[in-house]
*Asks:* 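The following block contains the structure, expressed as structure tokens.
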Amino acid sequence: MTEYVYALDHPHGLPPQDVAAIVGGKAAGLSVMATELGLPVPPGCVISTAACREYLNGSWPSELDGEIQDHIARVEGSVGRRFGDPADPLIVSVRSGAPVSMPGMMDTILNLGLNDATTDGLTALTGDRRFVDACRDRFTASYRDIVGADEVPDDPWEQLREAIEAVFRSWNSDRARSYRAQEGISDDLGTGVIVQTMVFGNRGADSATGVVFTRDPATGENSLYGDVMFDAQGEDVVAGTHQPEPIAALAERMPSIAEELSRYAATLEHHYADVCDIEFTIEQGRLWMLQTRIGKRSAQAAVRIAVEMAEDESFPLSRAEAVARTARYLSEPPTMAAYSTATSAAAAGLGASPGVVSGEIATTPEAAVTIAESGRDVILVRRQTSPEDVHAMARAVGILTSTGGLASHAAVVARGWGIPAVVGAAAVRIDGGLVSIGDQELTVGDVLTIDGGSGDVYVGAVATGAEMVPEAATLLGWAEELGIDIAKPTAPADSVAAKNATDPADAVGEPRAPEADDVTRALLIKGFAMPNDFAAAFFSSADEIVAVLDGMVADGVAELVGGMFQLTADGKALGSERMAADRERWGADEATAALDAFLPLDQQMKDVVTSWQMREFNGQQVINDHLDEAHDAAVLAKFVGLHGDAGPWVAALSDGLPRLGRYGDRLERAAAMVVDGDHRYIASPLVDSYHGVWFELHEDLILLAGRTRADEVSSGRA
């Protein structure tokens with residue numbers, strides 16, 4: 001007979017991956033802590049992935065209710081409380097746990113088992129009505145939201161059954177399916193459901209909850225790294241709705257607990273021979289372990305951790321295993337910034353794209369291209385950038401703007417191309433070819449240095465450099481000694497060469513050869529472009545586009561500059577005439593209304609792109625290294641939600657002006673590529689990405705409304 005429910009301390013006696021397949025990775029980790037390592041885990045049970053699959057296929061296993069009741073009875077015996085007992089109630093959490101980590105994608109319900117009677121009973125036991133009411137309110141809100149019920153049943157057993165079903169169903173939620181699609185996780189696995197005794201981190205000043213890494217995931221430093229919140233429940237830490245304290249605060253307020261947590265962290269590291277990510281709760285001075293898994297870390301941290309563990313004889317990690325574990329980082333070893341300056345920064349903005357570079361000032365795209373083509377480094381300095389600057393941005397070693405934030409055009413494009421950039425440097429003033437910083441006046445050809453990490457701007461050249469992380473050199477030495485080949489890096493998929501060779505003109509949309517008027521409008525919007533840019537935009541071929549562009553050059557409408565096509569003065573006048581005719585055909589009021597309706601969606605788009613390219617780390621905005629699964633999963637869920645709102649709205653624009661329907665086709669293609677796992681299509685400027693199409697649509701709507709981007713920026717609308 002199939003067994004559907006297991007105690008959390010059940011000794012499976014199987015390889016870890018097999019246990020995870022049966023009960024999910026979270027329960028497998030709890031089992032290791034409870035059985036093999038003897039760490040304090042709240043008693044509970046887990047309903048298997050097999051039960052989830054049967055439920056999703058249309059049936060609740062007939063024996064499942066009985067097994068759940070038997071296991072709850074065992075938990076009751078272990079903790080001395082009874083589920084649903086008004087005098088001494090057992091309160092539980094119901095958590096998901098898939099075989100493959102899917103952080104934040106499925107549902108959790110805390111404080112289950114509370115009703116009027118058990119609320120009174122728990123109040124009598126704790127003497128703290130505030131605490132009990134807070135738990136009841138949280139439970140009621142999450143139950144209604146997750147289960148989809150207007151009211152919470154009074155019967156705890158009914159609550160439990162409906163909560164388990166809701167967690168099963170969350171396996172097929174839109175965000176979970178989208179996450180699996182982009183991560184290549186099978187839809188057939190199902191999730192385990194953990195029913196576990198609640199331990200309360202919100203019982204007062206001697207209670208807390210937190211998340212820690214056993215080592216710093218950014219630097220690899222051998223010390224606990226994470227957050228703790230006192231008098232709070234676990235959801236508060238990961239939800240970002242409350243401000244946690246650094247884990248060092250635990251040693252100040254509860255030194256014995258901090259020491260105990262450090263011992264457990266060391267135990268877990270030695271067991272897994274790797275850095276671990278841990279969730280814990282402290283209830284009235286007692287520490288409980290709620291989850292562990294292998295932790296994500298930066299490239300710099302990965303090589304340092306591997307070396308230190310391999311050199312520690314107490315760790316079961318050999319040098320060969322350390323090299324194998326970090327091989328993907330060693331093909332292009334991580335480096336550390338190594339630069340110095342004898343002068344202080346002349347101005348500061350937002351570090352939008354990391355890197356320290358020096359170059360001559362250029363305040364126009366044309367000047368930037370001229371300097372770059374002469375073989376000299378150039379920094380493009382603008383108030384803000386627009387599509388007309390893109391060809392110059394591609395030739396610049398760095399970008400500096402006096403306005404804009406981390407979601408600005410300059411920031412997004414620079415990060416997509418890996419070009420150092422500082423944005424929003426308000427002390428930088430630009431007037432024609434002159435640049436003023438404080439009392440210093442500079443002109444085209446003078447040299448600036450920008451630090452795209454710190455946001456600092458220096459006058460003159462600053463000595464810069466980069467040094468290989470020393471642990472990477474150690475690992476490369478070990479690889480040579482052991483005869484292990486480290487693959488050489490290949491050209492990235494985002495490279496200009498790769499893009500020029502393979503930019504797609506397939507998938508969604510009806511292929512058609514564009515007419516000269518189509519390309520004229522597109523060049524008016526884009527500013528500069530290469531044939532492949534148009535091929536992607538029109539679902540056409542580069543050969544068809546070149547034929548149209550050659551004809552436009554012959555007619556004096558377009559010209560070739562720096563390897564890219566742009567409109568001549570006559571071409572811009574023609575493009576403006578075409579836009580005016582479109583505005584008259586659509587109606588000026590309708591065009592203005594469309595631009596106004598676009599702005600709330602545009603804010604969502606900026607949030608998605610910025611969150612994909614940047615994330616918060618240690619209280620600072622840093623470049624997203626995509627090692628934080630929960631962060632990326634949340635952003636991808638936002639992206640799916642954005643497209644769900646924006647896709648139909650954009651497609652509907654074609655009712656008023658048919659040519660705008662092409663934007664809907666391009667957005668649909670980009671969204672499909674993202675869901676299929678090609679995340680370049682979120683914001684990379686080297687493919688026809690969602691952000692790139694979106695930016696062009698915005699520019700088009702601005703022109704159709706008879707406005708300019710400068711108007712929109714100055715009014716705070718762009």
*Asks:* When you compare the side chain of Tyr225 with that of Val275, does any pair of heavy atoms fall below 4.5 Å?
*Replies:*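 No - every pair of side-chain heavy atoms lies 4.5 Å or more apart.
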
*Asks:* Report the residue from Lys26, Arg293, Arg215 that forms a salt bridge (Lys or Arg N to Asp or Glu O under 4.0 Å) with Asp277.
*Replies:* Arg293

*Asks:* Is a side-chain N or O of His691 found less than 3.5 angstrom from the main chain of Val609, in a donor-acceptor match?
*Replies:* no

*Asks:* Here's a test for you: under side chain to side chain contact (heavy atoms under 4.5 Å, CB included), which of Glu67, Gln69, His10 qualifies with Val5?
*Replies:*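 Option passing the side chain to side chain contact (heavy atoms under 4.5 Å, CB included) with Val5: Glu67.
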
*Asks:* Do Arg415's NZ or CZ and the ring of Trp612 fall within the cation-pi criteria of under 6.0 Å and 45°?
*Replies:* no

*Asks:* Measure from the side-chain N and O atoms of Thr610 to the backbone N and O of Asp607, and report whether any donor-acceptor pair falls under 3.5 Å.
*Replies:* no

*Asks:* Taking Ser689 for the side chain and Ala670 for the main chain, is one N or O donor matched with an acceptor at less than 3.5 Å?
*Replies:* no

*Asks:* Under 3.5 Å, side chain of Asn57 to main-chain N/O of Arg53, donor-acceptor pair present?
*Replies:*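 Yes.
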
*Asks:* Looking at Thr118, Asp116, Thr123, which hits side-chain hydrogen bond (donor to acceptor under 3.5 Å, both in side chains) with Arg136?
*Replies:*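 The residue from Thr118, Asp116, Thr123 that satisfies side-chain hydrogen bond (donor to acceptor under 3.5 Å, both in side chains) with Arg136 turns out to be Asp116.
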
*Asks:* Given side-chain contact (heavy atoms from CB on, under 4.5 Å), test Asp85 with Leu90 step by step and report yes or no.
*Replies:* CA-CA 7 Å; Asp85 182 2; Leu90 169 65; over 6 Å; no

*Asks:* Taking the side chain from Ser207 and the backbone from Gln284, do they hold a donor-acceptor pair closer than 3.5 Å?
*Replies:*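 A pair under 3.5 Å: yes.
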
*Asks:* Please walk me through it: do Tyr4 and Trp60 pass ring-ring contact (aromatic ring centres under 6.0 Å, His included)?
*Replies:* CA-CA 11 Å; Tyr4 290 106; Trp60 176 274; 9.5 Å; no

*Asks:* Looking only at side-chain N and O atoms, does His12 offer a donor or acceptor that is under 3.5 Å from a partner on Tyr6?
*Replies:*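 There is no such pair (donor and acceptor under 3.5 Å, judged by atom type) between the side chains of Tyr6 and His12.
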
*Asks:* Is it true that Arg144 and Glu151 have a side-chain N and a carboxylate O under 4.0 angstrom from each other?
*Replies:*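 Between Glu151 and Arg144 there is a salt bridge, with a charged N closer than 4.0 Å to a carboxylate O.
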
*Asks:* Is there a donor-acceptor pair under 3.5 Å between the side chain of Gln233 and the backbone N or O of Gly201?
*Replies:*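 Flag not set: sc Gln233 to bb Gly201 has no pair under 3.5 Å.
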
*Asks:* Within a strict 4.5 Å, meaning less than it, do heavy atoms of the Tyr272 and Val32 side chains meet?
*Replies:* yes

*Asks:* Donor-acceptor pair, Ser78 side chain versus Val75 backbone, under 3.5 Å?
*Replies:*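 Looks like no, no N/O pair under 3.5 Å.
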
